[in-house]
Amino acid sequence: MDSKYQPLLIEEKIYQYWEKNGYFTAKVNKDKKPFSIILPPPNANADLHMGHAMYVYEDIMIRFHKLIGDEVLWLPGADHAGIETQFVYEKHLKKQGKSRFDFDRETLFKDIWNFVEDNRGKMEKQLKRLGFALDWSRQKYTMDPEIIKIVYETFEKLFKADLVYRAKKLVNYCTYCGTSFSDLEVVYKERVDPLYYMKYGPFILATVRPETKFGDTAVAVHPDDKRYQQSIGKEIEVEGLIGKFKVKVVADTAVDPKFGTGVVKVTPAHDFDDYEISLRHNLPMKQVIDFDGRLNELTGKYQGMRVKAAREQVANDLKNKGWIIKVQEDYTHRVGTCYRCGRVLEPLPKEQWFIKVASLKKKAITLIESGKINIYPSRFKKILTQILDNFYDWNISRQIVWGIRIPAYKCKLKVQSEKLKVEEKWFVSIKKPDKCQICGECDFKQDEDTFDTWFSSAQWPFATLASCSNSKFKVQSSKLNNNVTIKQFNNDFFNYFYPTSVMETGYDIFRAWVSRMIMIGYFTTNQVPFKNVFGHGMVRDRKGQKMSKSKGNVTNPMMMADRYGADALRIALIFETKEGGDLSFAEEKVIGMRNFINKVWNIGRFIFMNLQVKSEKLKIKSLSEKSKVFQNLEKEFKEEKKEYFKYMKSYQFSKALGLIYEFLWHRFADYYIEQLKDKVINGNIEALELLRKIYFGNLKMLHPFAPFVTEAVWQVFNGKQNSILKDSATQFFNF
RNA sequence: GGCCGAUUAGCUCAGUUGGCUAGAGCGCUGCAUUCACAUUGCAGAAGUCGGGGGUUCAAGUCCCUCAUCGGCCACCA
């Protein structure tokens with residue numbers, strides 16, 4: 001044994017040993033209790049960051065349950081991360097002086113596929129570096145054919161259950177990234193813009209967007225506003241930059257009479273509030289900005305100008321006409337921006353697929369409130385229910401190629417198309433339909449759009465498990481409440497491990513991911529996707545600032561593992577971290593934990609060396625006198641174990657680790673070994689055996705937190721062909 | 001505007017049923033050390049637990065209020 005624990009010489013070999021001997025491989029074992037976690041799939045194309053290292057919580061749970069004899073499954077996967085990845089790829093293209101528009105759909109998809117494949121393996125390797133006990137034989141990818149098939153089936157089920165519809169609605173559209181987003185992906189930023197007060201027919205009204213004037217189809221006032229009573233319901237004539245036009249005056253409570261002049265121009269095609277007003281009053285929609293971010297042919301001489309330039313030009317021209325009464329330069333408001341590129345999003349009318357969430361979210365809230373799904377730490381329960389409560393219909397269409405193409409087909413429909421509602425012109429079908437049942441033609445074209453990445457992610461717990469069966473999974477039919485027949489998953493692996501035990505993620509993706517998994521998971525499988533949710537906090541820098549590339553305060557977890565060992569990094573993240581709370585990461589803490597790991601090693605070294613001496617020189621001397629020290633040590637150890645199980649089972653991992661840290665270092669090493677040292681060196685075998693027994697017990701308890709050093713020492717004592725994971729099960733409670 | 005979190009030693013943070021002289025990591029001071037470990041041991045300095053009020057025999061821990069910081073959410077032209 002070296003006098004120092006040297007992680008770099010040991011960790012990789014140990015991981016290979018575990019993997020090769022199938023310690024991470026799950027199987028259906030009816031004699032054991034199943035315990036399963038699906039790893040939140042990292043982006044297939046990127047390196048891991050500190051946030052991913054927080055999945056150590058999952059490894060702790062997985063290894064703990066393995067040690068107490070459960071049949072565990074920790075299933076790894078990779079996410080194609082649609083927009084993220086296509087965005088990275090487009091930057092890559094830009095460096096070569098190209099853009100995505102230089103390629104056709106198929107070529108672009110293939111190129112991105114290969115680009116991702118080239119980078120695949122990076123994050124897998126990094127997860128292994130952290131010691132994660134993942135079952136690699138079950139690894140999944142969101143672009144696997146079996147997964148896509150399930151995603152398609154889910155979409156079809158939702159469609160048949162009337163929970164999917166296609167409609168032309170306002171969506172948040174990034175004219176730079178060329179795609180729409182769901183409302184969850186919008187990042188609101190505060191901005192200071194001029195607020196223009198302008199003459200508008202008989203009124204004066206305030207707006208920050210004069211360039212949308214060409215798309216106005218009404219003017220709105222509050223129904224109780226005395227100033228404008230006589231105008232309500234009438235049509236007014238307005239002089240505009242490209243000629244006179246007429247709009248109706250409507251009364252709507254959304255208008256705040258105290259803001260500005262109490263009169264609002266209504267531009268249904270370019271503002272969410274105005275769109276809502278237009279629905280209430282049956283107003284026409286007039287789109288004047290196109291998807292390229294430029295004004296269109298309805299804007300006369302302004303056609304072709306970008307929104308920002310057009311705004312300045314229009315404001316200027318209005319001023320010259322003398323129609324601008326006043327400008328408030330420092331008007332502060334919030335605008336939606338693209339979370340990818342940071343540019344201002346344009347609300348634009350677009351025909352898209354939406355999921356009706358009303359019934360889904362209602363059910364999801366019930367599942368949480370009834371305790372079918374438990375949330376830890378408990379304060380997240382309220383947060384999650386609030387998130388669900390605020391859900392709007394989910395726009396799942398994305399205008400990018402990197403993703404799962406939506407299985408919807410449109411046919412020519414020469415005859416009746418005008419009479420049909422939008423969604424009735426479409427066929428949702430896993431395979432391309434043979435023949436259109438309405439017009440009899442067979443000239444189908446598939447929707448160009450792909451699914452929002454979160455649509456496939458929302459299905460991850462059941463999609464992964466359902467596609468895990470060795471034999472083809474059997475299909476069972478059952479009825480939905482509205483008499484739609486659906487297929488259900490039914491294979492041994494799925495049945496054994498689903499619902500999964502715990503979903504462990506950062507609290508930052510409760511909204512985008514966890515809530516949707518609950519909604520879609522329950523809809524599809526009629527069961528909860530997981531019984532428990534455990535949320536962890538954000539890793540910040542030493543000053544508590546968010547880590548970000550632009551700030552340059554990002555710590556690479558791999559670098560920490562290389563310097564101090566994976567164990568030290570792991571426990572640095574857990575030690576004295578409040579569950580669910582953010583943590584400030586400092587290298588000094590990892591150093592402190594490295595020292596503890598070394599202490600664990602050296603306690604082993606002391607015991608091991610003395611055992612060697614014993615067997616070499618046969619200095620076996622049994623002293624029947626049992627000292628008080630023996631009894632105290634046993635008592636303290638018993639107490640430690642009891643506390644440990646209590647903490648581990650109530651998700652108080654930090655406390656469990658702190659307990660071992662305190663016991664092993666400051667009680668066991670500093671006190672008891674010092675007390676018994678003379679006896680041990682003089683050949684008291686009973687003292688030595690007692691120390692060994694209690695040390696082994698602590699190794700097992702520590703193993704979920706620091707798997708490498710505990711296994712390394714274990715093998716020093718028990719031989720290279722033994723594993724701390726093999727021994728445990730029944731003996732874990734009795735050590 | 002609403003909700004949530006934070007405010008404890010120089011720095012970063014634990015402290016979940018209220019209870020013995022308030023803890024850890026790192027840092028700091030002094031001493032020790034061929035005997036498992038200097039990635040060590042022993043000893044020590046250091047905190048009016050954000051301010052104020054209240055409940056209680058007893059509050060960092062519960063209640064009210066105020067302040068500062070952070071996060072999430074919200075339809076205001």
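The chains referred to below are lettered A, B, ... by the order of the sequence lines, with proteins before strands, and numbering in each begins at 1.
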Asks: Can you tell me the distance, in whole Å, between the CD atom of A:Glu190 and the P atom of B:G1?
Replies: 13 Å
Asks: Hey, does A:Lys4 reach any base, or is it just sugar-phosphate, or nothing, if we go heavy atoms under 4.0 Å?
Replies: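 Touches a base.
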Asks: May I have the distance from A:Phe668 (atom CZ) to B:U40 (atom P), rounded to whole angstrom?
Replies: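 Taking CZ of A:Phe668 and P of B:U40, I get 18 Å after rounding.
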Asks: Between B:A36 and A:Glu674, counting only base atoms on the nucleotide and side-chain atoms on the residue, is there a donor-acceptor pair under 3.5 Å?
Replies: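 Counting by modelled atom types and ignoring angles, a donor-acceptor contact under 3.5 Å is found here.
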Asks: Does B:C37 have OP1 or OP2 sitting under 4.0 Å from an N or O in the side chain of A:Ser3?
Replies: no
Asks: Does atom NZ of A:Lys319 have more than 12 heavy-atom neighbours, drawn from other residues, nucleotides or ligands, at distances under 6.0 Å?
Replies: yes
Asks: Hey, which of these two, A:Gly604 or A:Ile387, hits RNA chain B nearer its 5' end, going by closest nucleotide?
Replies: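 Result of the comparison: A:Gly604.
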Asks: Quick check with a 6.0 Å cut-off and a 45 degree axis cone: is A:Lys599 positioned over the face of A:Phe668's six-membered ring?
Replies: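 Not satisfied by the 6.0 Å and 45° rule.
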Asks: Quickly work out the A:His536 NE2 to B:G5 C1' distance and round it to whole Å.
Replies: 17 Å
Asks: For the C1' atoms, the ones on B:G52 and on B:C75, what distance do you get once it is rounded to whole angstrom?
Replies: 39 Å
Asks: State whether the number of non-hydrogen atoms from other residues, nucleotides or ligands found under 6.0 Å of A:Asp2 atom CG is greater than 12.
Replies: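 Counting neighbours around CG of A:Asp2, more than 12 heavy atoms of other residues, nucleotides or ligands fall under 6.0 Å, so yes.
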Asks: B:C13 and B:C20: how far apart are their C1' atoms, nearest whole angstrom?
Replies: 25 Å
Asks: Taking the P atom of each, how far is B:C63 from B:U16, in whole Å?
Replies: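 After rounding to an integer number of Å, I get 13 Å for this pair.
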Asks: Tell me every residue that passes side-chain contact (heavy atoms from CB on, under 4.5 Å) with A:Asp330, counting only those two or more places apart in sequence or in another chain.
Replies: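 If we apply the side-chain contact (heavy atoms from CB on, under 4.5 Å) test to A:Asp330, skipping adjacent residues, the hits are A:Val192, A:Gln328.
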Asks: Nearest-Å distance, NZ (A:Lys655) to C1' (B:C13)?
Replies: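 Between C1' of B:C13 and NZ of A:Lys655: 15 Å.
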Asks: Between A:Glu587 and A:Arg563, does the salt bridge (Lys or Arg N to Asp or Glu O under 4.0 Å) criterion hold? Intermediate values first, please.
Replies: CA-CA 10 Å; A:Glu587 192 164 347; A:Arg563 281 188 194 159; 2.7 Å; yes
Asks: Give a yes/no answer on whether the side chain of A:Arg511 brings an N or O atom under 4.0 Å of OP1 or OP2 in B:C72.
Replies: no
Asks: Report the C-alpha separation of A:Phe596 and A:Leu702 in whole Å, then their side-chain angles, then the decisive distance to 0.1 Å, and conclude whether the side-chain contact (heavy atoms from CB on, under 4.5 Å) test is met.
Replies: CA-CA 12 Å; A:Phe596 172 62; A:Leu702 183 60; 4.2 Å; yes
Asks: Is the positively charged end of A:Lys169 above the ring of A:Phe354, judged by distance under 6.0 angstrom from the centroid and angle within 45° of the axis?
Replies: yes
Asks: Counting only side-chain heavy atoms from C-beta out, which of B:U16, B:C4, B:C76 sits nearest to A:Ile383?
Replies: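 Among B:U16, B:C4, B:C76, the one nearest the side chain of A:Ile383 is B:C4.
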Asks: Can you tell me how far P of B:C72 sits from CZ of A:Phe510, to the nearest Å?
Replies: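 Taking CZ of A:Phe510 and P of B:C72, I get 14 Å after rounding.
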Asks: A:Lys382 side chain N/O closer than 4.0 Å to the phosphate oxygens (OP1, OP2) of B:C4?
Replies: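 For B:C4, OP1 or OP2 has a side-chain N or O of A:Lys382 closer than 4.0 Å.
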Asks: Reckon A:Arg209 touches a base, only the sugar-phosphate, or nothing at all at heavy-atom distances under 4.0 Å?
Replies: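 It contacts nothing in the nucleic acid.
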Asks: In whole angstrom, give the distance that lies between atom OH of A:Tyr672 and atom P of B:C37.
Replies: 23 Å
Asks: Given the P atoms of B:A14 and B:G5, what is the spacing between them in whole Å?
Replies: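 It works out to 14 Å between them.
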Asks: Side chain of A:Asn390 only, please: which of B:C3, B:C73, B:U16 is the nearest?
Replies: B:C73
Asks: Of the nucleotides B:A74, B:A36, B:C13, which one has an atom closest to the side chain of A:Ser584?
Replies: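 That would be B:C13.
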Asks: What nucleic acid atoms does A:Glu276 come within less than 4.0 Å of, heavy atoms only: base, sugar-phosphate, or nothing?
Replies: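 No contact.
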Asks: Counting any heavy atom closer than 4.0 Å, what does A:Arg594 reach on the DNA or RNA strands: base, sugar-phosphate only, or nothing?
Replies: base
Asks: For A:Arg379 and for A:Phe585, find the nucleotide of RNA chain B with the closest heavy atom, then tell me which residue's nucleotide is more 5'.
Replies: A:Arg379
Asks: Is A:Glu588 paired with A:Arg542 through a side-chain N to carboxylate O contact shorter than 4.0 Å?
Replies: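 A salt bridge is present here (some side-chain N lies under 4.0 Å from a carboxylate O).
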Asks: Could you check whether A:Lys677 gets within reach of a base, just the sugar-phosphate, or nothing at all, counting any heavy atom under 4.0 Å?
Replies: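 The residue A:Lys677 makes base contact.
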Asks: Check whether any side-chain N or O of A:Lys599 sits under 4.0 Å from OP1 or OP2 of B:U39, and answer yes or no.
Replies: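 Answer no for this pair, as no side-chain N or O of A:Lys599 is under 4.0 Å from OP1 or OP2.
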Asks: With a 6.0 Å cut-off on the ring centroids, do A:Phe64 and A:Phe653 count as close?
Replies: no
Asks: Given atom CE of A:Met1 and atom C1' of B:C37, what is their separation to the nearest angstrom?
Replies: 11 Å
Asks: If the condition is salt bridge (Lys or Arg N to Asp or Glu O under 4.0 Å), which residues does A:Arg209 pass it with, not counting sequence neighbours?
Replies: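 So A:Arg209 forms a salt bridge (Lys or Arg N to Asp or Glu O under 4.0 Å) with A:Glu211, A:Glu346.
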Asks: Once you apply a heavy-atom cut-off of 4.0 Å, does A:Val266 come out as touching a base, just sugar-phosphate, or nothing?
Replies: nothing
Asks: Grab the CG-P distance between A:Asp582 and B:C4 for me, whole Å please.
Replies: 17 Å
Asks: Could you please name the option among B:C37, B:A74, B:C42 that lies closest to any side-chain atom of A:Asp670?
Replies: B:C42
Asks: Would you list the protein and nucleotides 24-30 of chain B atom pairs, both N or O, that sit under 3.5 Å from each other?
Replies:
| unit_1 | atom_1 | unit_2 | atom_2 | d |
| --- | --- | --- | --- | --- |
| B:A24 | N3 | A:Glu576 | OE1 | 2.9 |

Asks: Contact class for A:Leu195 vs. all strands (heavy atom < 4.0 Å): base, sugar-phosphate, or nothing?
Replies: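 No contact.
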Asks: What distance, rounded to whole Å, do you find between the two C1' atoms, one in B:G18 and one in B:A59?
Replies: 6 Å
Asks: Indicate, with a heavy-atom threshold strictly under 4.0 Å, whether A:Ala572 touches base, sugar-phosphate, or nothing.
Replies: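 No contact at all - A:Ala572 keeps every heavy atom at 4.0 Å or more from the nucleic acid.
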Asks: Please state the C1' separation for the pair B:C49 and B:A22 - nearest whole angstrom.
Replies: 8 Å
Asks: Indicate, yes or no, whether a donor-acceptor pair under 3.5 Å links the base of B:C76 to the side chain of A:Asp273.
Replies: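 Absent.
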Asks: Please give the stem ranges for RNA chain B, sorted by first residue number, where a stem is three or more consecutive Watson-Crick or G-U pairs and both donor-acceptor distances are under 3.5 Å.
Replies: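 For RNA chain B the paired stretches long enough to count as stems (3 pairs minimum) are B:1-7 with B:67-73, B:10-13 with B:23-26, B:28-32 with B:40-44, B:50-54 with B:62-66.
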Asks: Please name all residues satisfying side-chain contact (heavy atoms from CB on, under 4.5 Å) with A:Arg280, sequence neighbours left out, ordered by chain then number.
Replies: A:Asp252, A:Ala254, A:Glu276, A:Ile277
Asks: Expressed as a whole number of Å, how far does the P atom of B:G51 sit from that of B:A9?
Replies: 11 Å
Asks: Cation-pi check for A:Tyr671 against A:Arg667: NZ or CZ below 6.0 Å from the six-membered ring centre and within 45 degrees of the axis, yes or no?
Replies: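 Relative to the ring axis of A:Tyr671, which defines the angle, A:Arg667 lies inside both limits.
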Asks: Not counting sequence neighbours, which residues clear side-chain contact (heavy atoms from CB on, under 4.5 Å) with A:Pro223? List them please.
Replies: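 In terms of side-chain contact (heavy atoms from CB on, under 4.5 Å), with neighbours along the sequence ignored, A:Pro223 is linked to A:Ala251, A:Thr253.
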Asks: When the C1' atoms of B:U29 and B:A45 are considered, how many whole Å apart are they?
Replies: 7 Å
